[in-house]
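Let me begin by presenting the structure, written as structure tokens, before commenting on it.
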Number of protein chains: 2
Amino acid sequence: MTSVDVARKAGVSQSAVSRYFTPGASVSKKMAEKIKVAADELGYRPNVLARAMITGKSRIIGLVVYYLENQFYPEAVEKLSIALQENGYHVLLFMASNTIGNVEPVVQTILDYRVDGIVLMSVSMSSTLADRCRDLNIPVMLFNRDQPREDMRAVISDNVAGGRIAAQMLLEGKPLRVAHLAGFEGASTQQEREEGFRAGLAEAGVPLYARAVGNYHYKEAAEATRELFNVPQPPDALFVSDDHMAFAALDVIRHELGLKVPQDVAVVGFDDVTQASWPSFNLSTVRQRLNTMVSACVDELIGAIENDDHPVRKVRIEPVAIHRGTTRP
Amino acid sequence: MTSVDVARKAGVSQSAVSRYFTPGASVSKKMAEKIKVAADELGYRPNVLARAMITGKSRIIGLVVYYLENQFYPEAVEKLSIALQENGYHVLLFMASNTIGNVEPVVQTILDYRVDGIVLMSVSMSSTLADRCRDLNIPVMLFNRDQPREDMRAVISDNVAGGRIAAQMLLEGKPLRVAHLAGFEGASTQQEREEGFRAGLAEAGVPLYARAVGNYHYKEAAEATRELFNVPQPPDALFVSDDHMAFAALDVIRHELGLKVPQDVAVVGFDDVTQASWPSFNLSTVRQRLNTMVSACVDELIGAIENDDHPVRKVRIEPVAIHRGTTRP
DNA sequence: CAGATTCTTGCATACGATTGCAAAATAACC
DNA sequence: GGTTATTTTGCAATCGTATGCAAGAATCTG
């Protein structure tokens, strides 16, 4: 079923059919009616790919995500995808987990599909690739990650402020030994959260007692937690760089070490994923305002796509303290 | 950068460039070398969309998923996406959660993109739409859901067998009052799991003591659990139709009602998502062999795409009992 | 009602590739 | 080396739609 078939059936030109399906094009009521009837009868719908060839706009957004195990990502993907759908765009999904550390070929493939824009979720991009996208005039958004380049759009939480909030939440419980469980140290989120956390502690004159790295993975975080607590004087307060690792930490603390939370040790996470509020975890955490982040991401991205001189900026969202059962008031 | 540019630069015809990028086409070494040099220099890569128009193959798979809150789906999406990537296909993602109960327009939109195939993840399809896809010769795979139609491909666990397994796992603990927490009753998975579960109980001469519906949602499942246990003689064994709801049930049982699992009540879930093995839940469950399901899905789908007379069949995978800490041996 | 203005409509071309066909070039064989 | 068989290569048509342009129809104006 092509526009030519519809045109023949309706007794009009192919251009007329095309115009009927192009919002804003000029078609008389008479024609419109004839075309509508013919199109419905034949079950015709315009071929998006052919349209993309002419207009140079595919209405496809390439989304690269590292993995979906951490619940933060499915939530973000779902909301982002819905928001884009509502704007007439659709998501071509790329998992980067199997090509570890090498987003290069993935992004190449994305470009082959002539996407209108790219969202990198907690993934970063080499400078040459960023240049390439700029040359091709394809906007790239970093979501929940930042890069030094000034000409790179990004939507992130104010992670430094978030780290400070975490420090305050723990300090309210008058801790004696404060520890930090870090995520992947190459990530801007980790660097900034730790910076804010350390600053918050320093202002209160409290030293950082211990530190271990969980690389944003459950298993590594569990191992790091054992390392932190397998000492004569274990910490009594712990800031974990995301909820996903915090669950690992809680599992070890409660079920392996038999410690009481928050009496023996207080824990604060980051993200506020859905499960953080489940009674099994009841995790105090620093919320990333995901809905706000997603709208900002969509606004900036679509703005950049549809408007060539849309300014390049980094959107920074304020995080929020969420007090639950793993901190002492 | 088009193939014409490359051709001009390399001093060959445009067809030659096209052939160079078409695996299996005949190009002499001499030409190949010239084209390679020119293409690399210009950074040329074939336009997938233009290719799709000619060949009628977009190498895009439309994936419809209802929601991503239940961890089973992110895991499935991730694995499926990776497996398709490895076969040179890519996933166009559609969330059906905002268009509740109405997949119609979503699938229409998918068809507009001229996808090569469609995967419906725990979503079903009206008969007219199925007809439409058949007429367009676009294979559709149901993943983790079945429909009565014989001409509809599906990859599912043997849910009846799974229900039986759940019954056995609970019966080993010699329960007195066995209850069932059901998912969405319109879903084939629910119907079959319950059928198998009831059959398993019946064979042992054990009656079903109580039943409530959680619709595969956490909150509704929590509410349904309260309903089940807010009686003088609460159940001492519970089969929940998926892990996601089982987490809700466990949260209520342990943290609201203060009951001991498995001493006061044994619980069995279904799926074996990652978190089921976390100490906080330590959930005994019936595993769906996701890797097997995904490979089967990919094999059947790609088979159907690349081979017109690929037989239509329903692949049924055997589930596996996973004994953990929520059942009595 | 004639003339000026605005809307509609069809023609023809373009987007960036693939592919059947026939001519040219190469390989194979005696 | 001549003849035949096989590859390579370029030409030209094609996929399904959008859109600039000019001509025709409709509307407006005094």
Side-chain angles (χ1 to χ4, degrees), chain A residues 1-36 38-39 42-60 88 109 111-116 136-138 306, chain B residues 1-36 38-39 42-60 88 108-116 136-138 306:
Chain A
M1 283 308 105
T2 75
S3 57
V4 177
D5 298 320
V6 177
R8 190 173 321 126
K9 180 157 190 116
V12 301
S13 75
Q14 179 267 327
S15 335
V17 177
S18 170
R19 289 194 174 100
Y20 174 73
F21 283 99
T22 306
S26 83
V27 202
S28 66
K29 284 163 222 41
K30 208 182 299 174
M31 286 234 123
E33 185 54 30
K34 282 198 289 187
I35 295 173
K36 180 177 166 26
L42 295 174
Y44 167 80
R45 308 209 69 199
N47 183 329
V48 176
L49 299 174
R51 175 177 286 173
M53 269 200 48
I54 299 284
T55 60
K57 299 278 150 206
S58 61
R59 304 199 77 84
I60 297 178
T109 311
L111 294 176
D112 292 349
Y113 278 93
R114 301 306 191 261
V115 296
D116 290 348
L136 291 169
N137 199 26
I138 296 180
E306 299 181 352
Chain B
M1 284 308 105
T2 76
S3 58
V4 177
D5 299 319
V6 176
R8 189 172 325 124
K9 181 160 190 112
V12 301
S13 77
Q14 181 268 329
S15 334
V17 178
S18 171
R19 289 195 173 100
Y20 174 72
F21 284 99
T22 308
S26 84
V27 202
S28 67
K29 284 167 235 12
K30 207 182 300 175
M31 287 235 125
E33 185 53 30
K34 282 198 287 187
I35 295 173
K36 180 175 163 27
L42 296 174
Y44 167 80
R45 307 208 69 197
N47 183 329
V48 176
L49 267 38
R51 175 179 288 170
M53 269 201 49
I54 298 283
T55 60
K57 299 280 152 205
S58 61
R59 304 199 76 83
I60 296 178
Q108 258 313 341
T109 310
I110 294 189
L111 295 176
D112 293 348
Y113 279 93
R114 301 304 191 261
V115 296
D116 290 349
L136 290 170
N137 198 28
I138 295 180
E306 297 181 352

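What's counted below: heavy atoms across the whole structure, side chains too, no hydrogens, waters or symmetry copies. Each chain gets a letter, A, B and so on, in the order its sequence line appears, and its residues count up from 1.
Partners of B/R59 under the side-chain contact (heavy atoms from CB on, under 4.5 Å) rule, at least two apart in sequence or in another chain, are A/Y113, B/Y89, B/D116, B/E306. Legend: residues meeting salt bridge (Lys or Arg N to Asp or Glu O under 4.0 Å) with A/K9, ordered by chain and number and at least two apart, are A/E41. Looking at residues two or more places apart in sequence or on another chain, you find a side-chain hydrogen bond (donor to acceptor under 3.5 Å, both in side chains) between B/Q108 and A/R45. Checked against side-chain hydrogen bond (donor to acceptor under 3.5 Å, both in side chains), B/R8 has no partners two or more places apart in sequence or in another chain.
Atom CD1 of A/I60 and atom CD1 of B/I60 lie 5.0 Å apart (nearest 0.5 Å).
Nucleotide D/dA25 holds its P atom 11 Å from the NZ atom of A/K30, rounded to whole Å. Separating the CG atom of A/D5 from the C1' atom of D/dC15 is a distance of 13 Å, rounded to the nearest angstrom. In this structure, CD of A/E33 is placed 16 Å from P of C/dT8, rounded to the nearest angstrom. Look at CD1 on B/I35: it is 8 Å from P on D/dG10, rounded to the nearest Å.
Among all heavy-atom pairs drawn from B/R114 and A/P46, the shortest one is NH1-O, 4.0 Å. Across all non-hydrogen atoms, the minimal contact from B/A10 to B/A38 is CB-CB, 3.8 Å. The nearest pair of heavy atoms linking A/L111 to A/I138 is CD2-CD1, 3.6 Å.
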Name every donor-acceptor pair, under 3.5 Å, that has one atom in a side chain of residues 48-57 of chain B and the other anywhere in the protein, sequence neighbours excluded.
from	atom 1	to	atom 2	distance (Å)
B/T55	OG1	B/R51	O	2.9
B/T55	OG1	B/K57	N	3.2
B/T55	OG1	B/K57	O	3.4

Using distance only, find each side-chain donor-acceptor pair of residues 21-32 of chain A under 3.5 Å and give its atom names and separation, not counting sequence neighbours.
from	atom 1	to	atom 2	distance (Å)
A/T22	OG1	A/S18	O	2.7
A/S28	OG	A/M31	N	3.4

Under 3.5 Å, N/O pairs linking protein and nucleotides 5-8 of chain D:
from	atom 1	to	atom 2	distance (Å)
D/dT8	OP2	B/S26	OG	3.4

All N/O contacts under 3.5 Å from nucleotides 14-23 of chain C to the protein, with atom names and distances to one decimal?
from	atom 1	to	atom 2	distance (Å)
C/dA17	OP1	B/Y44	OH	3.0
C/dA17	OP1	B/N47	N	2.7
C/dA17	OP2	B/S3	N	2.5
C/dA17	O5'	B/Y44	OH	3.4
C/dT18	OP1	B/R51	NE	2.7
C/dT18	OP1	B/R51	NH2	3.1
C/dT18	OP2	B/S18	OG	2.1
C/dT18	O5'	B/S18	OG	3.4
C/dT18	O4	B/Q14	OE1	3.3
C/dG20	O6	B/R19	NH2	3.0

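Note that the two end axes of the helix from C/dC1-D/dG30 to C/dC30-D/dG1 enclose an angle of 20°, each drawn from 5 base pairs, rounded to 10 degrees.
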